[in-house]
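By convention in this document, chain letters (A, B, ...) are assigned in the order of the sequence lines, proteins followed by strands, and residues within each chain are numbered from 1.
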Protein chains: 2
Amino acid sequence: MVTPGDRARGVSGSPLDTLDFTLDRSSPVPLYYQLAQQLEAAIEHGVLAPGNLLGNEIDLSVRLGLSRPTVRQAIQSLVDKGLLVRRRGVGTQVVHSQVKRPLELSSLYDDLESAGQGPTTQVLRNERQPASTEVAANLGVKEGSEVVVLERLRCTHGEPVAFLCNYLPSGLLELDGARLESTGLYRMMRTAGITLHSARQTVGARSATAAEAKRLEESEGAALLTMQRTAYDDTGRAVEFGTHIYRASRYAFDFQLLMRP
Amino acid sequence: MVTPGDRARGVSGSPLDTLDFTLDRSSPVPLYYQLAQQLEAAIEHGVLAPGNLLGNEIDLSVRLGLSRPTVRQAIQSLVDKGLLVRRRGVGTQVVHSQVKRPLELSSLYDDLESAGQGPTTQVLRNERQPASTEVAANLGVKEGSEVVVLERLRCTHGEPVAFLCNYLPSGLLELDGARLESTGLYRMMRTAGITLHSARQTVGARSATAAEAKRLEESEGAALLTMQRTAYDDTGRAVEFGTHIYRASRYAFDFQLLMRP
DNA sequence: TAGTGGTCTAGACCACAGT
DNA sequence: CTGTGGTCTAGACCACTAC
């Protein structure tokens with residue numbers, strides 16, 4: 001006999017039924033997080049295919065020996081990531097597309113590294129100076145107060161890709177030139193315990209001036225991609241303001257936007 | 001006498017203490033949402049200044065006649081929005097910066113309209129055709145299957161700003177030319193009950209070809225901003241793929257990124 | 001040591017979708 | 001009608017922070 005519940009999960013049952021999750025209650029990792037990770041892995045590996053129903057939350061909580069709110073918390077975190085969709089009266093399904101890339105503060109160094117291009121960085125300038133009106137406004141400090149100014153040239157395969165000019169509040173971070181050349185600024189900030197939280201970006205384009213063209217080994221008038229960004233930590237304090245210029249022939253921004261209704 | 005609790009909230013107490021929230025239990029609006037909205041309004045209006053502590057969740061729940069999980073849900077939604085920060089052992093505070101603009105799927109029409117520029121749109125093309133390899137891959141449909149192709153020229157103050165080329169799965173939406181000229185594509189999709197959920201974007205730059213320059217009233221070789229986007233609805237199905245070209249002299253992308261740890 | 005948020009439980013009732 | 005997710009309650013214990 002086939003009960004309504006069987007039909008709801010499909011005749012062959014939810015793929016989740018054959019999956020066993022291992023929960024370690026003695027672990028410091030929260031239970032909802034352990035469950036979320038294993039669900040995400042199942043989706044990633046295709047065990048849960050797009051469109052598959054997860055089965056209802058009550059059954060799942062009973063089967064796992066968890067309370068329903070805990071299971072909900074795990075599922076909700078994946079809904080927030082865009083991996084699952086909930087529909088009242090229907091159930092929870094895996095989304096149909098395989099858009100997995102999370103939204104991140106794009107760090108050029110990380111972008112290039114993950115693309116396997118082996119970037120190198122040349123620090124052109126690393127010193128302290130009084131903040132200009134524009135820099136002060138963007139960093140939320142007083143005009144004329146001391147800030148660190150950083151100018152870098154980033155290359156791949158021996159050719160320039162971008163010219164990066166950044167301003168940081170003085171005293172926030174020790175900027176060692178050698179480490180700056182071997183890793184990205186954002187990675188250094190993370191290592192220093194600064195947790196980036198959000199950023200405001202403006203992306204535009206313009207033609208290269210003679211000086212810019214020379215620096216980036218482009219021809220004068222070539223199209224350049226420009227980006228201005230202010231980054232904030234988790235308390236909302238501005239921790240970086242930068243103006244970046246990219247060779248459009250060698251770089252483009254690639255990112256994902258999420259809408260929250 | 002000053003108790004530790006008084007000190008924790010500051011000598012004058014949390015500004016929240018003098019605020020009265022009105023909760024309507026008969027309303028269909030969830031209680032946590034009512035609370036979240038009123039908290040957000042208090043922050044927006046400066047009643048809760050950056051750095052202010054909210055007071056602990058237990059007291060708040062008692063004072064409001066709600067359970068702690070409900071209060072937590074309200075607070076969590078504002079933490080997700082980046083308006084509040086929680087610190088274990090410390091409390092919940094308002095973030096220090098006034099970065100409030102939410103992350104959104106930027107619709108050029110909405111952008112221009114909110115900037116008060118009064119955009120106009122000219123529909124150059126609106127017809128069905130078989131999907132090319134590229135379009136099919138981006139929309140997740142079979143190559144050669146019918147899609148709607150839409151070409152529009154967007155202007156402000158009588159001058160072109162952007163040339164927009166979009167592809168939509170056939171049968172998704174009725175595209176009335178007149179309405180397309182008076183509103184944006186995204187707004188039409190929302191009206192038709194399609195809830196956009198996420199999008200993948202690539203932003204780059206290049207020099208204008210002769211044809212592009214003519215169409216956008218630029219000079220040949222001028223810097224153009226290019227954007228390619230695939231948008232997905234809440235089930236993860238691709239609902240739009242587009243290639244947009246903007247006059248860099250008249251438009252730039254402005255958006256906020258949020259990091260989720 | 002005291003206060004905070006972080007996690008978890010075991011129930012409950014409701015609104016909505018599909019039959 | 002049944003089954004689903006959406007919301008809500010009233011407790012509990014733990015980990016971290018500051019004093």
Side-chain angles (χ1 to χ4, degrees), chain A residues 2-10 13-14 16 23-36 52-80 84-94 193 234-235 261, chain B residues 1-10 14 16 23-36 52-80 84-94 193 234-235 261:
Chain A
V2 177
T3 71
D6 290 330
R7 258 184 285 116
R9 289 192 304 273
S14 166
L16 217 58
L23 297 172
D24 180 3
R25 296 191 98 94
S26 67
S27 161
V29 178
L31 293 173
Y32 78 90
Y33 193 79
Q34 294 183 36
L35 176 56
N52 278 168
L53 283 167
L54 240 63
N56 78 61
E57 301 170 348
I58 311 278
D59 287 354
L60 194 53
S61 64
V62 170
R63 203 156 61 88
L64 297 175
L66 296 173
S67 70
R68 187 185 168 204
T70 303
V71 171
R72 273 184 69 79
Q73 195 174 358
I75 292 177
Q76 186 59 45
S77 70
L78 297 186
V79 171
D80 289 341
L84 297 177
V85 193
R86 286 205 236 239
R87 298 182 175 283
R88 182 147 54 176
V90 178
T92 304
Q93 344 179 11
V94 180
D234 54 6
T235 73
Chain B
M1 175 191 176
V2 177
T3 71
D6 290 329
R7 259 184 285 117
R9 289 192 304 273
S14 166
L16 216 58
L23 297 173
D24 179 3
R25 297 191 97 95
S26 68
S27 162
V29 179
L31 293 173
Y32 79 89
Y33 193 81
Q34 294 183 37
L35 176 55
N52 277 168
L53 283 168
L54 240 62
N56 77 61
E57 300 170 349
I58 311 278
D59 287 355
L60 194 54
S61 64
V62 170
R63 205 156 60 86
L64 298 175
L66 295 174
S67 70
R68 188 188 167 201
T70 302
V71 171
R72 273 184 68 80
Q73 195 174 358
I75 291 177
Q76 187 58 46
S77 70
L78 297 186
V79 171
D80 289 342
L84 297 177
V85 193
R86 286 207 238 238
R87 296 181 177 284
R88 181 146 55 175
V90 178
T92 304
Q93 342 178 11
V94 181
D234 55 4
T235 72

For this session: Output yes when at least one side-chain N/O atom of Asn56(B) is less than 4.0 Å from OP1 or OP2 of dT4(C), else no.
Result: yes
Seminar exercise, completed: On a heavy-atom basis, the closest approach of Leu53(A) and Val90(A) is CD2-O, 4.3 Å
Exercise. Distance check: side-chain N/O of Thr92(A) vs OP1/OP2 of dT4(D), anything under 4.0 Å?
Worked result: no
Problem set entry | Rounded distance in Å - CD1 (Ile58(B)) to C1' (dG6(C)) | 12 Å
Exercise. Side chains of Arg25(A) and Leu31(A): closer than 4.5 Å at any heavy-atom pair?
Worked result: yes
Atom pairs under 3.5 Å, N or O on each side, protein against nucleotides 14-17 of chain C: can you list them with distances?
from	atom 1	to	atom 2	distance (Å)
dA17(C)	O4'	Arg88(A)	O	3.4

Seminar exercise, completed: Closest heavy-atom pair, Gln34(B) versus Leu23(B), reported as atoms and distance to 0.1 Å, is OE1-CA, 3.5 Å
Exercise. Atom CG in Asp59(B), atom CG in Leu54(B): separation rounded to 0.5 Å?
Worked result: 11.5 Å
Exercise. To the nearest 0.5 Å, how far apart are OG1 in Thr92(B) and CG in Leu60(B)?
Worked result: 9.5 Å
Exercise. Expressed in angstrom and rounded to an integer, what is the separation of Leu78(A) atom CG from dG5(D) atom P?
Worked result: 14 Å
Exercise. What's the CD-P distance between Gln76(B) and dG5(C), to the nearest Å?
Worked result: 12 Å
Exercise. Taking atom P of dG3(D) as reference, at what distance in whole Å does atom CG of Leu54(A) sit?
Worked result: 19 Å
Problem set entry | Where at least one partner belongs to residues 65-76 of chain B, residue pairs that pass side-chain hydrogen bond (donor to acceptor under 3.5 Å, both in side chains), sequence neighbours excluded | Glu57(B)-Arg68(B), Glu57(B)-Arg72(B), Ser67(B)-Thr70(B), Gln76(B)-Asp80(B), Gln76(B)-Arg86(B)
Seminar exercise, completed: Separation of dA10(C) atom C1' from Glu57(A) atom CD, nearest Å, is 15 Å
Look for any protein N or O under 3.5 Å of an N or O in nucleotides 7-9 of chain D and output each such pair with its distance, or none.
from	atom 1	to	atom 2	distance (Å)
dT7(D)	OP1	Tyr32(B)	OH	3.2
dT7(D)	O4	Arg68(A)	NH1	3.4
dC8(D)	OP1	Leu31(B)	N	2.4
dC8(D)	OP2	Tyr32(B)	N	3.4
dT9(D)	OP1	Arg25(B)	NH2	2.5
dT9(D)	OP2	Ser67(B)	N	3.0
dT9(D)	OP2	Ser67(B)	OG	2.9
dT9(D)	OP2	Thr70(B)	OG1	2.7

For this session: Using whole Å, report how far CG of Asp59(A) lies from P of dT4(D).
Result: 6 Å
For this session: Begin with the C-alpha distance, continue with both residues' side-chain angles, and end with the deciding distance and a verdict on side chain to side chain contact (heavy atoms under 4.5 Å, CB included) for Val29(B) and Asp24(B).
Result: CA-CA 8 Å; Val29(B) 179; Asp24(B) 179 3; over 6 Å; no
Problem set entry | Counterpart residues, salt bridge (Lys or Arg N to Asp or Glu O under 4.0 Å), relative to Arg88(B) (two or more places apart) | none
Exercise. In whole angstrom, what separates Leu53(B)'s CG from dT17(D)'s C1'?
Worked result: 13 Å
For this session: Provide the closest heavy-atom pair for Val85(B) versus Asp234(A) in the form atom of the first, atom of the second, distance.
Result: CG2-O, 2.9 Å
